Undergrad: 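My questions will all concern the structure given below.
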Amino acid sequence: GQNIDQPTEMTATEGAIVQINCTYQTSGFNGLFWYQQHAGEAPTFLSYNVLDGLEEKGRFSSFLSRSKGYSYLLLKELQMKDSASYLCAVKGQTGANNLFFGTGTRLTVIP
Amino acid sequence: DTAVSQTPKYLVTQMGNDKSIKCEQNLGHDTMYWYKQDSKKFLKIMFSYNNKELIINETVPNRFSPKSPDKAHLNLHINSLELGDSAVYFCASSPSSYEQYFGPGTRLTVT
């Protein structure tokens, strides 16, 4: 089975840094994705990690530790437009293009 | 130029009816998917199609049936609609093994 856990909600201040954690237990692992979803819109791709370590992309960074079944998404210099849900997703077994999503973390950025 | 499109955007219907949601992608991707996002915003995969072959089918009722007339289209047919089918349905596509691109979603309301 697949089990992916994230905090349900987080609040952070504009200009600050926030870290959203994700832990997973899955049968097979072929990468971990982070998606952003604004209310009423489709999820959009943010990052992909398949090897251990940190991937940086502008204000967003994503970290993966496969041995710990753990990832985090780091958002720097928060802006009001970063208020959204952040979805952690694990790609399962080799050969299958299935993504298993966590329940998402709703981030609210306050002035 | 819309990458992944879905129609309709909103669908309101009564219990027991049969309905279809259409999805088209112009990205030339090999794999297309259907996801269901419930009221708690949990995104769960329903089907994926690779080169017109169903490769996964996550324990969804057989009232739901995907139809792929060609590589660029994956339609979702739902028979005998039930109240619990109310949700947002997202279509997505991906190349062989990387990020998925999501359509805008179809909000289905069963009354």
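Everything numeric in this text was worked out from a predicted model, so none of it was measured.
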Undergrad: Holding to ring-ring contact (aromatic ring centres under 6.0 Å, His included), I want the full list of residues that pass it with B/F90, two or more places apart in sequence or in another chain.
TA: none
Undergrad: Are A/I17 and A/L54 co-members of a hydrophobic cluster defined by side-chain heavy atoms under 4.5 Å apart?
TA: yes
Undergrad: Hey, mind stepping through B/E99 and A/F33 against side chain to side chain contact (heavy atoms under 4.5 Å, CB included) and telling me if it holds?
TA: CA-CA 8 Å; B/E99 68 193 84; A/F33 295 77; 4.2 Å; yes
Undergrad: Look up atom NZ in B/K44 and atom CG in A/L99, then write down how far apart they are to the nearest 0.5 Å.
TA: 15.0 Å
Undergrad: Let me check something: do A/Y72 and A/L107 share a hydrophobic cluster, defined by ILVMFWY side-chain heavy atoms less than 4.5 Å apart, either directly or through other members?
TA: no
Undergrad: Check whether A/M10 and A/F63 end up in the same hydrophobic cluster, where Ile, Leu, Val, Met, Phe, Trp and Tyr are linked by side-chain heavy atoms less than 4.5 Å apart.
TA: no
Undergrad: B/F42 and B/F47: same hydrophobic cluster, using ILVMFWY side-chain contacts below 4.5 Å?
TA: no
Undergrad: Specify the closest pair of heavy atoms between A/F101 and B/L43, including all atoms of both residues, with the distance to one decimal.
TA: CB-O, 3.4 Å
Undergrad: What residue in A/Q37, A/R106, A/E41 has the most heavy-atom pairs under 4.5 Å with chain B?
TA: A/Q37
Undergrad: If I compare all heavy atoms of B/P104 with all of A/A42, which pair ends up nearest, and what's the gap?
TA: CA-CB, 4.2 Å
Undergrad: Around atom NZ of A/K81, are there more than 12 heavy atoms of other residues, nucleotides or ligands at under 6.0 Å?
TA: no
Undergrad: Go through the atoms of A/T103 and report whether side chain, backbone, both or neither lie under 4.5 Å from a heavy atom of chain B.
TA: both
Undergrad: Could you check, using the six-membered ring where one of them is a Trp, whether B/F102 and A/Y35 have ring centers closer than 6.0 angstrom?
TA: yes
Undergrad: Could you give me the CA-CA distance, side-chain angles and deciding distance for B/Y101 and A/T44, then say whether side chain to side chain contact (heavy atoms under 4.5 Å, CB included) is met?
TA: CA-CA 7 Å; B/Y101 296 79; A/T44 55; over 6 Å; no
